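Please read the structure below before turning to the comments.
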Number of protein chains: 2
Amino acid sequence: MAADAGFSVLTGNSVETRSVRAGDVIFREGAPANELFVIKSGHVRIQVGNKAIAELSADNIFGEMALIDSEPRSATAIAVTDVELVPISEKQFLFLVSQTPYFALKVMRTLAQRLRVMNKGFA
Amino acid sequence: MAADAGFSVLTGNSVETRSVRAGDVIFREGAPANELFVIKSGHVRIQVGNKAIAELSADNIFGEMALIDSEPRSATAIAVTDVELVPISEKQFLFLVSQTPYFALKVMRTLAQRLRVMNKGFA
């Protein structure tokens, strides 16, 4: 099951992207959610309250948790640099999970890696 | 996407189970891994070092992280009561993910819920 956790296949030239300026908030903790994002370029900080819990770069995803469990955003996402994002709607997400098991495994791998980081910080 | 996170469909009467006595270690942090477990009955404590990070009961899964990312066990699992477990091999896990998107979503939901708990403890 070894494979890169990148999602570059979702950031091809023909997909619709969204540009965010450095310093702008992409979404806020507690907000309702209907999409996740793949980072096409730039850096994004994920923070809970005022504490940064991750800084992510190209080919990473974020915002998947609220889509998976239909809860509000669990963290705030802020563009550290100018950022180009590929939004993935809930409908697209469900299609990808059902049609491409490899995508599902990559999302799981992303979540597992974040849990490992949190576990280490917690112990 | 609202649905229970239970895995009771995997703990039917015809499946092979493994019994663990109260107080026994099911697996240890750092050990190699080739299966996850569904709890059929009893309570299991998940701990990192000496810190308990979760206590799980029937229809929950544990041990899925090491299977997802092919890393050693990230935590220790201990039977709090006598426990009956259904082991799921890596091969079965990959089959379930590829054939039943609903299973994949339930695993993701489990991971997302654990991340939310960790995020709250961390902030």
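All values derive from a computational prediction rather than experimental measurement. Convention: sequence-line order gives letters A, B, ...; per-chain numbering from 1.
Within the model, atoms OG1 of B/Thr110 and CE of A/Met108 stand 9.5 Å from one another, a figure rounded to the nearest 0.5 Å. Between the CZ atom in B/Phe93 and the CG atom in A/Leu105 there is a gap of 6.0 Å [rounded to 0.5 Å].
Contact detail for A/Arg116 and B/Ser74: the closest heavy-atom pair is NH1-CB, 3.2 Å.
With a threshold of 4.5 angstrom between heavy atoms, A/Glu71 approaches chain B through its backbone and through its side chain. Residue B/Glu64 does not touch chain A at all, counting heavy-atom pairs closer than 4.5 Å.
B/Leu36 and B/Ile78 end up in different hydrophobic clusters when Ile, Leu, Val, Met, Phe, Trp and Tyr side chains are linked at under 4.5 Å. Under a hydrophobic-cluster definition in which Ile, Leu, Val, Met, Phe, Trp and Tyr are linked whenever side-chain heavy atoms come within less than 4.5 Å, directly or via other members, B/Val20 and B/Val25 are assigned to different clusters. At a threshold of 4.5 Å between side-chain heavy atoms, the hydrophobic network of Ile, Leu, Val, Met, Phe, Trp and Tyr places A/Phe95 and A/Ile88 in two separate groups.
Ranking A/Gln99, A/Met65, A/Arg114, A/Gln47 against chain B, the residue ahead of the rest is A/Met65, based on heavy-atom pairs under 4.5 Å. Per-residue heavy-atom pair counts under 4.5 Å with chain B were compared for A/Val97, A/Thr100, A/Leu115, and the maximum is reached by A/Leu115.
At distances below 3.5 Å, at least one donor-acceptor pair connects side-chain atoms of B/Arg109 with backbone N or O atoms of A/Ile68.
For the pair B/Val107 and A/Leu111, the minimum side-chain heavy-atom distance is 4.5 Å or more.
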